[in-house]
Amino acid sequence: MYSTELMGKDHYLFAITMAKHYYFKSYCYSFNKDYNIDENLKLFSLEAVDSALYFADNIAFFYRKKSVALASLERYEEALQVADSEIALDTGAHEAYSHKGVVYEFMKLYNEAIEMYDKALELNPDYAHAYKNKGDAFLALERFEDALKMFELAIALEPNDASYYNNKGLALEFLKLYDEAIEMYDIAIELNPEYSSAFKNKGDVLIKLQRYAEALAMYERASMFEPKEAVFYNKMGLAYEYLEMYEDAISMYDKAIELNPDLYIAYENKGDVFLKQERYYDAIEIFNKVISFDSSDVDVYNKIGIALEKLERYEDAISMYDKAIGIDPSNAQAYENKGDCYIMLDLYNEAVEMYYKAIALINPGKAGLFYKNGVVLQYIDQYENALEMFDKAIELYNGYIKAYKDKGDLLFVLDYYTEAIEVFDLAIALEPDNSVLYNQKGLSHEYLEQYESALEMYDKAIELDPEFSDAYNNRGDVLFSLNKFGDAAKSYIDALSFDQDNANIYNKLGICLENLELYENAVEVYSLAIAKDPNFAEAYNNKGDALFALGRIDEAVELYRKAIGLDPNNANYFVNIGGAYRLLERYNEAISMYDKAIELNPEYTFAYSSKGFSLQFLKRYDEAIQTFSVCIKLDSKNQKNYLYNIGCAYSLMNNKEHAINYLEKAINEGFDDFDLINSDTDLDNIRGSNEFKALISKYTKQ
């Protein structure tokens, strides 16, 4: 607590010093929220001025200081009365009007303040300080060009006043003319080498220029001249924070808080560091401290929400964002953050609603917000709206590669392969060394069966990223489609060298080996796929196929059963095990498997034809004929084969007429394998007949 007793004229100079010191502080406070002047200092300054009035020869001077002190205590009516008393003295009235303007600035009545400064300038057009004060009011009104003109007029009249250059620097800084602002602060410092505010302001510009180490040096210089000024340590903390020297930053924020326990911005900045350090509980605790200073600080509620979000306490985070929105319904960030939480809760419609609200509040908008909304719109199948969001993101930021990529990917999913290629080309033009873009473009070419172009894209992706497993894998798929099974196998092996746990690639490598008739090797590779993913049904099925090809039918049956157990809705697996049962002459079991496949896929022609052969082996010829007849309806392209099979069934039934009839129908549809016709034992019952001989003679002569 400051002493408020002034014991006579001996304290006159001390009172002047304190009044001037507080006047400077008051000015700083009006432009920087970092400054939080101690209430005791405000009261002491007022009482110091009152005491000095008893001894002062220049009463007007202390009236001015008293009006400022009263204004700082928000006793505005009294402050204005004191200012009017000074004006009534008619001693330097131009100064009196100027100081009344300062009171209006405290009241944030900037236009009224400007009116007072204009009156002062009418009385004394060479009153430099009035130009400076008028410039300050223009700064508060964000009329930065006008402010700049006022400071230049003040400098022209009093070129050696450091404060004018300092404030001109502020105007230039607000106009983002950073180099010119630094030049003004340097002049201010040259005129007053202990001008702590100029050092601080120069540091602020250097922060904006991302010259953090230089900014830190400026803040340290400022603190040398005012070692008890909390704001300078707070600024040093910011510089350390930007330099990612987080412990040093915390130390500075703690020093600022020690000097001024009410400097809430230092608490908030310390909380920001805790967020960066992922010390989320500590961040929440200190942000709550900030809320105790100002329960209406929307930004801090947002930050608490972010910390809770990181802790996966999404409902609690939403509650914080709702508080922010309750205070400021136009706070777009809170809506966006709330949308992020809804995504984590899989509430995609609600997330989209929040993003649209945030978008409506931001003009022209944030590219990232449109992009996020586009991503979520895909989850709820609103593809056209998603494309619109990606387009808007790209419009706002032409270099937004992720938006290009996701737009291209979505067009690919929608089967718009040509359009996807166009989008990837635009992205590649912006970022020609991005291997992912070439890979994605390659996929579009692949689905258009433009295999050479696809290979070119995958090769480019691999050139840019020699460890790009997905590109090797995709390259293998194209080579497989071209029946280049050896080359495809090599690509899959390259992919596995960078992605050793990918069961799917092992499975595809196994298929290549099967096509190369390397069945033993295929079995080994399928076993590796299963080891990587014990629930990989297709790998069990494919291993069964390889064992089947090796004649290890019983083992194949076990693998097919395992596949069915993992994926009981896959008709292919039932057909495959049916084939194994048929080879084992377990025809009834085979028929049961084919029936299950048909139940799962009523248009599965191969299941019907396989069933027909099993029925034929069981001499259930009528049923076999009915089954082959279904095949004719389902597969018009292969009617000749099914007609031939029906002819064989009728032959086995000793129905010569129907057998010859269907055999001729088959030949007329294009069945021309006469070697088979002449050797097939199923036709033994009709081969010796004159009708058969005549039929063969008729068509072989043709």
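Just so you know, these numbers use all the heavy atoms, side chains as well, and skip hydrogens, waters and symmetry mates. Keep in mind it's a predicted model, so treat the numbers as computed, not measured.
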**Asked** Can you list the steps and then say if Tyr348 with Tyr379 is a ring-ring contact (aromatic ring centres under 6.0 Å, His included)?
**Response** CA-CA 7 Å; Tyr348 301 125; Tyr379 299 158; 4.8 Å; yes
**Asked** Can Asp673 and Tyr644 be counted as having a side-chain donor-acceptor contact under 3.5 angstrom?
**Response** no
**Item:** Check: Tyr526/Asn507 side-chain N/O donor and acceptor closer than 3.5 Å
**Value:** no
With a 6.0 Å cut-off on ring centres, are [X] and [Y] close enough?
X	Y	answer
Tyr438	Tyr458	no
Phe412	Tyr417	yes
Phe390	Phe370	no
Tyr416	Tyr383	no

With a cut-off of 6.0 Å (strictly less than), are more than 12 heavy atoms of other residues, nucleotides or ligands near [atom1] of [X]?
X	atom1	result
Tyr397	OH	no
Lys276	NZ	yes
Gln277	CD	yes
Phe674	CZ	yes
Tyr451	OH	yes
Asp381	CG	yes
Tyr280	OH	yes

Can you name the nearest heavy-atom pair linking [X] to [Y], along with the distance?
X	Y	answer
Asn434	Val436	OD1-N, 3.0 Å
Val423	Gly408	CG1-N, 3.8 Å
Gln500	Lys532	O-CE, 3.2 Å
Gly647	Leu683	O-CD2, 4.4 Å
Ser651	Asp682	OG-O, 2.7 Å
Gln616	Ala649	OE1-CB, 3.6 Å

**Asked** Does the ring of Tyr321 carry Lys338 above it, NZ/CZ under 6.0 angstrom from centre and within 45° of its axis?
**Response** no
**Asked** Looking at Tyr662, does the NZ or CZ of Lys665 lie under 6.0 angstrom from its six-membered ring centre and within 45 degrees of the ring axis?
**Response** yes
**Fill in**
So CG of Asn337 and CG of Leu308: to nearest 0.5 Å the spacing works out to 11.5 Å
I want to check something: taking the side chain as every heavy atom from C-beta on, are [X] and [Y] in contact at a cut-off of under 4.5 Å?
X	Y	answer
Tyr560	Asp545	yes
Phe671	Ile677	yes
Leu430	Leu426	no
Glu456	Lys460	no
Leu479	Ser491	yes
Gln639	Asn641	no
Gln626	Val630	no
Tyr581	Met593	yes

**Step-by-step side-chain hydrogen bond (donor to acceptor under 3.5 Å, both in side chains) determination, Asn668 to Lys640** = CA-CA 8 Å; Asn668 286 329; Lys640 61 183 181 181; over 6 Å; no
Salt bridge or not for [X] and [Y], using N-O below 4.0 Å?
X	Y	result
Arg552	Glu520	yes
Lys310	Glu278	no
Lys402	Asp406	no
Asp487	Lys484	no
Lys698	Glu664	yes
Arg582	Glu589	no
Lys372	Asp340	yes

**Request:** Run the numbers on Phe480 and Phe485 for ring-ring contact (aromatic ring centres under 6.0 Å, His included), then give the verdict.
**Result:** CA-CA 5 Å; Phe480 186 93; Phe485 303 119; 5.1 Å; yes
**Asked** Which is it for Glu555 and Lys543 under the salt bridge (Lys or Arg N to Asp or Glu O under 4.0 Å) test, yes or no, and what are the steps along the way?
**Response** CA-CA 10 Å; Glu555 294 176 70; Lys543 184 178 178 182; over 6 Å; no
**Message:** The test is side-chain contact (heavy atoms from CB on, under 4.5 Å); show your working for Leu509 and Leu513 and say whether it passes.
**Reply:** CA-CA 6 Å; Leu509 175 59; Leu513 294 169; 4.3 Å; yes
